[in-house]
Protein chains: 2
Amino acid sequence: MTRPTPPEPHRALTLRDVSEASGVSEMTVSRVLRNRGDVSDATREKVLEAARRLGYVPNKIAGALASQRVNLVGVVIPSLSNMVFPEVMTGISKTLEDTGLQPVVGVSNYQADREEQVIYEMLSWRPSGLIVAGLEHSEAAMAMLAQAGIPIVEIMDIDGKPVDSMVGISHRRAGRKMAEAIIAAGYRKIAFLGTHMPTNDHRARKRLEGFEEALAAAGLSLVDREFYSGGSALAKGREMTETLLKRRPDVDFLYYSNDMIGAGGLLWCLEKGLDVPGQIGLAGFNGVELLDGLPRRLATMDACRLETGVAAAEIIAGKRHSGVIGGEVIEFEPKLQPGDTIRKA
Amino acid sequence: MTRPTPPEPHRALTLRDVSEASGVSEMTVSRVLRNRGDVSDATREKVLEAARRLGYVPNKIAGALASQRVNLVGVVIPSLSNMVFPEVMTGISKTLEDTGLQPVVGVSNYQADREEQVIYEMLSWRPSGLIVAGLEHSEAAMAMLAQAGIPIVEIMDIDGKPVDSMVGISHRRAGRKMAEAIIAAGYRKIAFLGTHMPTNDHRARKRLEGFEEALAAAGLSLVDREFYSGGSALAKGREMTETLLKRRPDVDFLYYSNDMIGAGGLLWCLEKGLDVPGQIGLAGFNGVELLDGLPRRLATMDACRLETGVAAAEIIAGKRHSGVIGGEVIEFEPKLQPGDTIRKA
DNA sequence: GTTTTCACTGTTAGCGCTATCATTAGCAAA
DNA sequence: TTTGCTAATGATAGCGCTAACAGTGAAAAC
């Protein structure tokens, strides 16, 4: 293998090195490398050749400072292992791809103080825009966002007041809609199974609130509930389902706060030979691709993750010609996917 | 809710603003904000109060340029939706947490040219170190990495020559080991099911090569193979398994290139009432947490993802006192998890 | 009283690049 | 020839911060 020999192992190269190597001014090199302004073909070739030969990589720090422009878009999400955020990221990345903007991910682990730190860190790099999951932030974080002077898009929740723009679904409404569908299908003894962090996962909380609202409107209420935290969601789904059904064998519907534990529950029910959806119905939330491979399709509700990512990125990139400057609100309609685990009404 | 009113909506604040507001020099403000050097308590308080009141966020771009230090660590991975990389990220984040270093993620989508771009982009921000998945890169990318003058850690594969350091497992050996276990358990008609991108996913390729090597050493060879691309891995696992077993009903072992399709295959086999692992054995690769919730535990091999992330981050952070400066090689031993889908030898 | 020391604060000079304006050369029109 | 214009290139002045050094005053040591 022939690897090009580094001219000098270290001492970072600068524009001046390229300029000297190609016999033109630094300014001209800068123009060539950024494809800006008029440069003759001959000069351009000379410069590019020299840059390639030396292995020059521009220093964006200096460039950004001088031009006051940074092609970065910060994205602050609670978790990467959740399966739902990667899909949002896909939408963001795709949309940003041809704009010269680059997404930079930060993870808050569902902790407000950690989120505040991450936002601070991101803003200190003066990005072109910031996408943040959720509407709930520490007061300090909100103040920073409000003052940042760049487009801010809060995503995946629209039940509240945004700092600037927001894109996503109403989880309250999603919960309500699911409850209505379940009631319409004739289920009456409904239980909830979800994650054990009602104070941190605001979207799950709002979903449950909406769900209970709709139950109440029909004169019903949850007959039982079961919470978990940590571990393999699939395994936890099994365990919780078993625990709950042992405690309340009369329950006829299990509403899970996410598809993963729902899938675990479904597998458990099928193994036990329960009649799904006759004897007992199940539903999750998110519409993850995973469900396509299960023995039976779990009822769920699509959270429009891809669309959310795309729209958020479009706002940042200024691709959305709505006439509005900032303060946009885009609501997606979560679609019920009845699957095979809820009786046909 | 009382939100602090922004003094002036825009015009980014600088050190000078804080300096004027608190009546000390910019330098002293800088010292306070970075906790560096001696500053009297009275002054410190004054400055912090002013900074807070104004909502000042330091400009790291200027700071980095001046100090020639950037607290960023680039991480270049092929995909986020893969479930395996998030766990590596967890190890990296945790380890970096108390070092003042921040990971920045870039995604290459398993494309060498895209990876080259991402590496270029990252290096242009002059990070403190770079973690890159895999050992195979475009020639230009290798040249950039070699010249970067910062610690480079290639992870998740050690079958090859690193630019600088490398951390991970030998996929060739992992494949070999799995084949040996399968053969030892008495299976003879072994088929492979995997992703349809042998040229892009080098780790899957090496695993298969090692697997076939070990088969050959025992006088065997794969009796059939089936490939897929895109879509829900779980669903694809089902489909492929069905297709393959229709074509070759005599096959007695299915080796999957990852756990997700393996899980799909397992669900299919159980549904069809096949005797697993008596009549037919199954194995995947990765050791994903998901498997804990399946009706039966799929045989797999742990890829040591968390440890890999931790070790890579330690190298970058200089936490590893091996005496070696750069060029470290850390190999983890993939552990076979026999689960319930391979006969006890 | 003088010198030394120390804790604190300020001054100066860039970091590597780009915006802006100035300059030059080349060529056509007057 | 001179003028005017355009394309190509260069010179200059920062961007907002920090490293390095230079004060400053007060207390401590002589």
Side-chain angles (χ1 to χ4, degrees), chain A residues 10-48 50-51 54-72 100 121 123-128 148-149, chain B residues 10-48 50-51 54-72 100 121 123-128 148-149:
Chain A
H10 278 213
R11 197 188 67 74
L13 295 168
T14 73
L15 263 193
R16 151 152 272 113
D17 295 292
V18 182
S19 130
E20 281 169 0
S22 54
V24 298
S25 72
E26 296 178 39
M27 196 57 229
T28 301
V29 176
S30 169
R31 278 197 270 255
V32 170
L33 263 24
R34 287 178 301 144
N35 248 319
R36 202 143 312 195
D38 295 313
V39 180
S40 73
D41 288 347
T43 308
R44 177 185 314 284
E45 267 321 305
K46 251 191 331 196
V47 170
L48 285 178
L54 296 175
Y56 174 70
V57 177
N59 185 330
K60 287 224 179 184
I61 298 183
L65 183 61
S67 67
Q68 305 281 55
R69 264 183 283 98
V70 178
N71 68 335
L72 262 27
E121 177 77 15
L123 287 181
S124 73
W125 286 100
R126 302 289 189 265
S128 296
Chain B
H10 280 213
R11 196 187 67 74
L13 296 168
T14 73
L15 263 193
R16 149 152 274 114
D17 295 293
V18 183
S19 130
E20 281 169 359
S22 54
V24 298
S25 72
E26 297 178 38
M27 196 58 227
T28 300
V29 176
S30 168
R31 279 196 270 255
V32 170
L33 264 23
R34 286 178 303 144
N35 247 317
R36 199 141 314 192
D38 296 314
V39 180
S40 73
D41 288 346
T43 309
R44 178 186 313 285
E45 267 321 304
K46 251 190 332 196
V47 170
L48 285 177
L54 296 174
Y56 174 70
V57 177
N59 185 332
K60 288 225 178 185
I61 297 183
L65 184 61
S67 68
Q68 304 282 51
R69 265 183 282 98
V70 178
N71 69 335
L72 262 25
E121 178 78 15
L123 287 181
S124 73
W125 287 100
R126 302 288 188 267
S128 296

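Chain letters run A, B, ... following the sequence lines, proteins first and then strands; every chain starts at 1.
- When the side-chain nitrogen and oxygen atoms of B/Thr14 are compared with OP1 and OP2 of D/dG16, none of them lie within a distance under 4.0 Å.
- Within the 4.0 Å cut-off from OP1 or OP2 of C/dG14, not a single side-chain nitrogen or oxygen of B/Gln68 is found.
- In terms of phosphate contacts, B/Ser30 brings no side-chain nitrogen or oxygen within less than 4.0 Å of OP1 or OP2 of D/dC17.
- Counting non-hydrogen atoms under 4.0 angstrom, A/Arg36 reaches nothing in the nucleic acid.
- Counting any heavy atom pair closer than 4.0 Å across all strands shown, B/Asp38 reaches a base atom.
- The main-chain N or O of A/Val70 is found under 3.5 Å from a side-chain atom of A/Ser128 such that the two form a donor-acceptor pair.
- At the phosphate of D/dA20, neither OP1 nor OP2 sits under 4.0 Å from any side-chain N or O atom of B/Arg31.
- For A/Arg126 against D/dG16, a side-chain-to-base donor-acceptor contact under 3.5 Å is absent.
- OP1 or OP2 of C/dT9 sits under 4.0 Å from a side-chain N or O of B/Ser40.
- Under the side chain to side chain donor-acceptor pair (under 3.5 Å) criterion, the residue pairs touching residues 56-70 of chain A are A/Lys60-B/Glu121, with sequence neighbours excluded.
- Within the structure, a side-chain polar atom (N or O) of A/Tyr56 is placed less than 4.0 Å from OP1 or OP2 of C/dC17.
- Phosphate contact (OP1/OP2 of D/dA19, side-chain N/O of B/Arg69, threshold under 4.0 Å): present.
- A sub-4.0 Å separation between OP1 or OP2 of C/dT9 and a side-chain N or O of B/Thr28 is absent.
- More than 12 heavy atoms of other residues, nucleotides or ligands lie within 6.0 Å of CZ in A/Arg34, so this atom counts as buried by the packing criterion.
- In terms of phosphate contacts, A/Ser25 brings a side-chain nitrogen or oxygen within less than 4.0 Å of OP1 or OP2 of D/dG10.
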